[in-house]
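All remarks here apply to the structure that follows.
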Amino acid sequence: FPLTFPFSHFRMKNPVLLPVYLPLYFPRKMPMPSKRRSVLVHSSVETYTPPVINLFSLAGVPVNSRVSSKIQQLLNTLKRPKRPPLKEFFVDDFEELLEVQQPDPNQPKPEGNQMNVLKGEPLGMVTNWPPSLLAALQRWGTTQPKAPCLTALDTTGKAIYTLTYGKLWSRSLKLAYTLLNRLTTKNEPLLKPGDRVALVFPNSDPVMFMVAFYGCLLAELIPVPIEVPLTRKDAGSQQIGFLLGSCGVTLALTTDACQKGLPKAQTGEVVTFKGWPRLMWFVIDGKHLAKPAKDWHPQVRDASAEIAYIEYKTSKEGSTVGITVSHASMLAHCHALTQACGYSEAETLTNVLDFKRDAGLWHGVLTSVMNRMHVISIPYALMKVNPLSWIQKVCLYKARVAVVKSRDMHWSLLAQRDQRDVSLSSLRMLLVADGANPWSISSCDAFLNVFQSRGLRPEVICPCASSSEALTVAIRRPPELGGPPPGKAVLSMNCLSFGVIRVDTEEKLSVLTVQDVGQIMPGANVCVVKVDGTPYLCKADEVGEICVNSGATGMAYFGLLGITKNVFEAIPVTAAGVPVSDQPFTRTGLLGFVGPDYLVFVVGKLDGLMTVSGRRHNADDVVATALAVEPMKFVYRGRIAVFSVTVLHDDRIVLVAEQRPDASEEDSFQWMSRVLQAVDSIHQVGVYCLALVPANTLPKAPLGGIHISETKQRFLEGALHPCNVLMCPHTCVTNLPKPRQKQPDVGPASMIVGNLVAGKRIAQASGRDVTQLEDNDQARKFLYLADVLQWRAQTTPDHPLFLLLNSKGTVASSASCIQLHKRAERVAVALLEKGRLNVGDHVALVYPPGVDLIATFYGCLYAGCIPITVRPPHPQNLATTLPTVKMIVEVSKSACILTTQAIMKLLKSKEAAAAVDIKTWPTILDTDDMPKKKLAGIFRPASPDMLAYLDFSVSTTGILAGVKMSHAATSALCRSIKLQCELYPSRQIAICLDPYCGLGFALWCLCSVYSGHQSILVPPLELESNVSVWLSAVSQYKVRVTFCSYSVMEMCTKGLGTQTDILRVINLSCVRTCMVVAEERPRITLTQSFSKLFKDLGLSARAVSTTFGCRVNVAICLQGTAGPDPTTVYVDMRALRHDRVRLVERGSPHSLPLMESGKILPGVKVIIAHTETKGPLGDSHLGEIWVSSPHNATGYYTVYGEEALHADHFTARLSFGDTQTIWARTGYLGFLRRTELTDASGERHDALYVVGSLDETLELRGMRYHPIDIETSVIRAHKSIAECAVFTWTNLLVVVVELEGSEQEALDLVALVTNVVLEEHYLIVGVVVIVDPGVIPINSRGEKQRMHLRDGFLADQLDPIYVAYNM
């Protein structure tokens, strides 16, 4: 990349153009998939059982009353396995997990001798040197009142006012008198000596600032100069407020003009800025000051150790600290600067720097007064209009000294072509205040190149180094002041990153060229110590932190004793641990070394230090590299921020730049990819994230420049709003744990033996035994549901079975036993006569949720047909919903469709023809007005194993699967639910579920007929127009048992939280159990927030639980009305990835709460089997849940889309142990755990925990991840993420997030999502897709359809806001 002229810090003989790889991020385009596969792995198991203190002894026998419960508790605890020691839970064991970077054996190491403490020249004795700075002011103010002190300029460069020493003295006196005598509160003086006072003056008003500063010193008050707050939200302003508060500042001094410009409240007073203490504002313009009384004289004391002023400094993290400087230090510093710079009385100095702090204050306000110098102060606003102004003023005033920064030299170079007649021959010193920056040398060289022909002598350029804590550290002296010739070092960047100095050649790209910053200050001792840990002296060829011991450094951080000790009272020691001095040293925060001729070289700042994989990089160096990348025309030069963020226990480099408005996306990516390569080849380090933001949006520091800590804060909070992002986690993150290697599997027999030896039981559990229950006669009678309905119609004809509610909560339709029977008969007649169907034909029932659906179902049973319930197509969304209907009708081989007139019209409509081939529908009959004909006879199946109905459902992986339910299985299912929920004809239950498949269908259509209880049916669709309809019904009918889905629960939680008027009339104290019907891991956060929200309406905390079912068995667990409450355990999420269950304490790192999925139903047996060896597993081991029960489905009817799901799903046998029992495989991972609770039969209760579907798991880095865990982390990453879904594509992890906010936030999410997944799951996100809300498809049960989403992504149908391909 051709390098730009002034700032490049690497020189090149022949610029070469590196190959540029095109960026890998294009919104809305797809890269080519790579063909790699990941492997599935298993490993051993480990568990911890945290003891549960319970008043039942281990055998489950109630404690004998004579034994004190405390003793019993103790016994129980002793019998149990010991809890692992606490650190096991609370020390994050990332050391053993993450790849720790091994140091490279060939890395450079320092070889020089240990350095000695460097002593500066002694401070010279000066005759009649004033005893304090105020004494100097008094002397010049009274003996030389006409001498000019300070000239202020306006933005045109015109001198507007010259302050003389007499005026400065008299006005400071007036101010001091006014502050001490005229400001009172409740007749008490407002201020007393030693109080801190804020000085708020704009950069354009040095005169007023100087008066305020010296006025405070005369009044023995401590000035705290700060920036003018322009808005309530200035970058870093809150931290300044914190500093003012901690310094106890109550008064702020300012000028009339400045006070008028401050934001005001309605009362006309200055607003209180965010985070600031309440301040009184005092304007110090002449008319507000009182003339001192004749007998009043300030005490001009000798310089003491009392605090003179406080200078603020913002740290790398953004916190602001106040550095206290004593009167004695201030005087000694002026003395040292006077000697080092050879200042003499009445010299003229031009100052371009901020006069409130640093070198601008030290030279332009303090040392100048000491020596009665004349300062020409050049405001920042003038420099912006005319960058040459400072050179013109040097020429006009024949200034001997100028104090500037590299930026001012660079700006004037760009503007110098317009000026021919300037001369810099009067200058004897050009002090470069930021001479320690890496780009300073190129500015100095380029400046000399151009201005040498205009009288600038090379030896005049004097770079210097300073720090807020140690004040001036070193200054280069011109030869007439005894300075050695200047030095220049060309250092290897690679060695510097290891803290070692090695000289290299300039031809190389990866070198840093630095200039010296001269010699140390008179009267100072300096040494270089190791950056981390104990301050050991460095070797001569080692980079370390420069430390200074002198009378001219800061004293402390105001009010912060701990870090003060660390920084201001460091005791450097030799390698043997011997202190080098009995005096404490001050750490400067500058990194460097001492070169030949005792010249100091600075190679970086502690604040800009980024330690990546054990190597140190300097933020400024990376900025300089970015500045050297051509073409610069796409971004702004001075607006590049580099900082590091910690992700996965290491620093990651982030580079943020402002993009010019006219740059196209293509241009920007070109520039970004070049920067990545430049940083990679020069620093041998990867950039983690490169972001471009729109022009003028980065937070600014007070006088130009970027406010780094605020920028970093915004990046981490997702408030930077970039317009382009390039993330490179794949190249940067090198400390991920090693991918898990596949272990040779332990055989099933060894597993069992291992468990026996370890004293662990085999993980199996069962519900109550149905053969011993008293209702066996009834069960035999109730084998066929058609018979049951007939019997109920004869014995209790008018008993109401169903009430269907509409959105208003009123009954839309109802059915008693006889009504349902008669309607079913009519349907059967229509099927046989109109539809001419035969026994065993399949019939699709396409109805909205309601009584018609139930009646037609029984009509099919009466006619001997096989019903299949199908969700009707959505009229507004035919294109996506109708093909599913068509598919189910075709796959189920339905001979006829029963439906309503409205839906029949829809199925044959023009719109339908656009979505499917409507000519191939089978016979469609509408059941709206059927003739009242008597059925000749009700069909009686030959055996209970004959098919009763087909249950079709689309799984979350997008597979349409229909299962066969026999008559025996159907009645067994109803019987189990009846027993678990204690359902009788006198009971009422409320159901808010979809009635088309699974347990929802069974509860809606089957159970009421079997048990005779009344079902109050609330179609979930009605909640869209009235979210309270379900809970109102529960309250109104005083329902004890109710069922809902997660989507219903979520709608209630989100929709009812604010509607207090509706909630007033709802009372849920009647509810004993509210069960969420699901085929997934319990959503514990949702159930908890639901319980919490409705607790005040009487909902018992114990009431809410979940059920579990799947395709092979629609109801495995269901809480029911009796038995212990569902338990929750915490497992280690990292162990789960290795297919292990490790129980941990709540709140320990990486813990994941899992709630038991209800109680196992009567007649159901469950075992946990190894997913590959099919051997049985032990208690608390993770494996596939297998189920054996009379209500298992008998097989798949056909599986559309995947023929491989064969019979072994329904007829699996264990490979070892009990090899006779036939099991069905659920396809879900989970574990069983014996708890301390007892169930109704007095046995210890076995809890089943469902972890997730095997089909959904992601195989990455040899580990097994559950999408929901990654999604939960992502949703927490930013407030604007509404929903998230993840899937893999080739071997990349793709994260799709729905953005609920403005589109400018879209790119903020890319880095946050990448960070959180790395931190919590040790995975690198390959693609981040940002989409609008509602794009992630969800099925009727509220489950995410991740495979549909994946197909949409691959077919480019998501219309994303942005797609980021992480490199």
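Atom set for the values below is all heavy atoms of this structure, side chains included, hydrogens, waters and symmetry mates excluded. Each residue takes its place number in the sequence, starting with 1.
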### Task
Given side chain to side chain contact (heavy atoms under 4.5 Å, CB included), test Val1114 with Leu973 step by step and report yes or no.
CA-CA 9 Å; Val1114 297; Leu973 171 66; 3.8 Å; yes

### Task
Dump the intermediate steps for side chain to side chain contact (heavy atoms under 4.5 Å, CB included) on Leu1161 and Ile1116, then the final yes or no.
CA-CA 6 Å; Leu1161 280 165; Ile1116 297 170; over 6 Å; no

#### Entry: Stepwise side chain to side chain contact (heavy atoms under 4.5 Å, CB included) check, Tyr1046 with Glu1080
CA-CA 10 Å; Tyr1046 279 125; Glu1080 57 180 301; 3.5 Å; yes

### Message
For a ring pair (Phe, Tyr, Trp, His ring centres under 6.0 Å) check, start with the C-alpha distance between His842 and Tyr1197, then their side-chain angles and the critical distance, and finish with the verdict.
### Response
CA-CA 12 Å; His842 294 187; Tyr1197 180 67; 5.3 Å; yes

### Worked check of ring pair (Phe, Tyr, Trp, His ring centres under 6.0 Å) between Phe782 and Tyr1010
CA-CA 7 Å; Phe782 281 19; Tyr1010 186 90; 5.3 Å; yes

### Query
Please walk me through it: do Val1286 and Val1296 pass side chain to side chain contact (heavy atoms under 4.5 Å, CB included)?
CA-CA 6 Å; Val1286 303; Val1296 180; over 6 Å; no

### Message
What verdict does the ring pair (Phe, Tyr, Trp, His ring centres under 6.0 Å) test give for Tyr1196 and Phe1210, after you've listed the backbone C-alpha separation in whole Å, the side-chain angles of each residue and the deciding distance to 0.1 Å?
### Response
CA-CA 9 Å; Tyr1196 285 119; Phe1210 292 90; 4.9 Å; yes

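In this structure, the side chain of Ser1215 engages the main chain of Thr1173 through a donor-acceptor pair within 3.5 Å. In this structure, Thr1087 contributes its side chain and Ile1084 its backbone to a donor-acceptor pair below 3.5 Å. Checked by atom type and distance alone, the side chain of Thr1107 pairs as donor or acceptor with a backbone atom of Val1076 at under 3.5 Å. Side chain of Thr1257 to main chain of Leu1254: a donor-acceptor pair is present (N/O by atom type, distance under 3.5 Å, no hydrogens or angles). Between the side chain of Asp841 and the backbone N or O of Ser894, no donor-acceptor pair lies under 3.5 Å. The main-chain N or O of Ser966 is found under 3.5 Å from a side-chain atom of Thr970 such that the two form a donor-acceptor pair. Asp951 contributes no side-chain N or O that, together with a main-chain N or O of Cys997, makes up a donor-acceptor pair within less than 3.5 Å. Here the side chain of Ser892 pairs a donor or acceptor atom with the backbone of Val889 at under 3.5 angstrom. Remark: side-chain polar atoms of Ser766 are not paired, donor with acceptor, to backbone N or O of Lys1165 under 3.5 angstrom. A donor-acceptor pair under 3.5 Å links the side-chain atoms of Ser943 to the main chain of Asp945, judged by distance alone.
Residues Leu950 and Met965 form no side-chain contact, since every pair of their non-hydrogen atoms from C-beta on lies 4.5 Å or further apart. By the 4.5 Å heavy-atom criterion applied to side chains, Glu1283 and Ile1275 are counted as neighbours. Side-chain contact between Leu1248 and Ile1168 is present, with at least one heavy-atom pair separated by less than 4.5 Å. Here the side chains of Trp1004 and Pro849 are in contact, with some heavy-atom distance below 4.5 Å. Contact check for Gln1345 versus Leu1349: no side-chain heavy atoms found under the 4.5 Å cut-off. Looking at heavy atoms from C-beta onward, Leu1214 lies out of side-chain contact with Lys1174 at the 4.5 angstrom threshold. Side-chain atoms of Thr869 and Leu853, non-hydrogen and from C-beta on, do get closer than 4.5 Å to each other. In this structure the side chain of Val1018 never reaches within 4.5 angstrom of the side chain of Leu804, judged on heavy atoms.
Minimum interatomic distance between Asn1113 and Ser1189 (heavy atoms only, all atoms of both residues): ND2-OG, 3.4 Å. Annotation for Ala1212 and Arg1225: closest pair CB-CG, 3.7 Å, computed over non-hydrogen atoms. In this structure, Leu820 and Val1009 approach most closely via the heavy-atom pair CD2-CG2, 3.9 Å. Nearest heavy atoms, Ile977 versus Cys1007: CD1-SG, 3.9 Å. Minimum heavy-atom separation, Arg1346 to Phe1287: O-CD2, 4.0 Å. Nearest heavy-atom pair across Arg1081 and Val1250 is CG-O, 3.3 Å.
The closest side-chain donor-acceptor pair between Thr880 and Asn877 falls under 3.5 angstrom. For the 3.5 Å distance criterion, the side chains of Thr1211 and Trp1223 fail to qualify, holding no donor opposite an acceptor. Using a 3.5 Å distance cut-off with no hydrogens or angles, the side chains of His874 and Thr881 do not pair a donor with an acceptor.
Ion pair Arg871/Asp994 flagged as a salt bridge, since at least one NZ, NE, NH1 or NH2 atom sits closer than 4.0 Å to an Asp/Glu carboxylate oxygen. Ion pairing between a basic and an acidic side chain is recognised when a charged N comes within 4.0 Å of a carboxylate O; Glu1271 and Lys1344 show such pairing. Using a 4.0 Å cut-off between a side-chain N of Lys or Arg and a carboxylate O of Asp or Glu, Arg1234 and Asp1179 do not qualify as a salt bridge.
Phe1108 has its ring centre less than 6.0 Å from the ring centre of Tyr1228. The aromatic ring centres of His967 and Tyr949 sit 6.0 Å or more apart.
The side-chain hydrogen bond (donor to acceptor under 3.5 Å, both in side chains) contacts involving residues 1152-1162 comprise Gln1119-Lys1159, Thr1127-Glu1156, Glu1156-Lys1159, Glu1156-His1245, where partners must be two or more places apart or lie in separate chains. For residues 845-859, the pairs satisfying side-chain hydrogen bond (donor to acceptor under 3.5 Å, both in side chains) are Arg823-Asp852, Tyr847-Thr927, with sequence neighbours left out.
To the nearest 0.5 angstrom, Glu890 atom CD is 5.5 Å from Thr920 atom OG1. With values rounded to the nearest 0.5 angstrom, Leu1118 atom CG is found 6.0 Å from Leu999 atom CG. Taken to the nearest 0.5 Å, the CG atom of Leu785 stands 6.0 Å off from the CG atom of Leu1006. In this structure, SG on Cys865 lies 5.0 Å from CG on Leu831, to the nearest 0.5 angstrom. Remark: Ile866 CD1 to Leu837 CG distance equals 11.5 Å, nearest 0.5 Å. Here the straight-line distance linking atom CZ of Phe857 with atom CD1 of Ile868 works out to 10.5 Å at 0.5 Å rounding.
With sequence neighbours excluded, the residues that form a ring pair (Phe, Tyr, Trp, His ring centres under 6.0 Å) with Tyr1249 are Phe1231.
Geometrically, Lys886 engages Trp921 in a cation-pi contact, judged by NZ or CZ lying under 6.0 Å from the ring centre and within 45° of the ring axis.
Within 6.0 Å of NZ in Lys964 there are more than 12 heavy atoms belonging to other residues, nucleotides or ligands.
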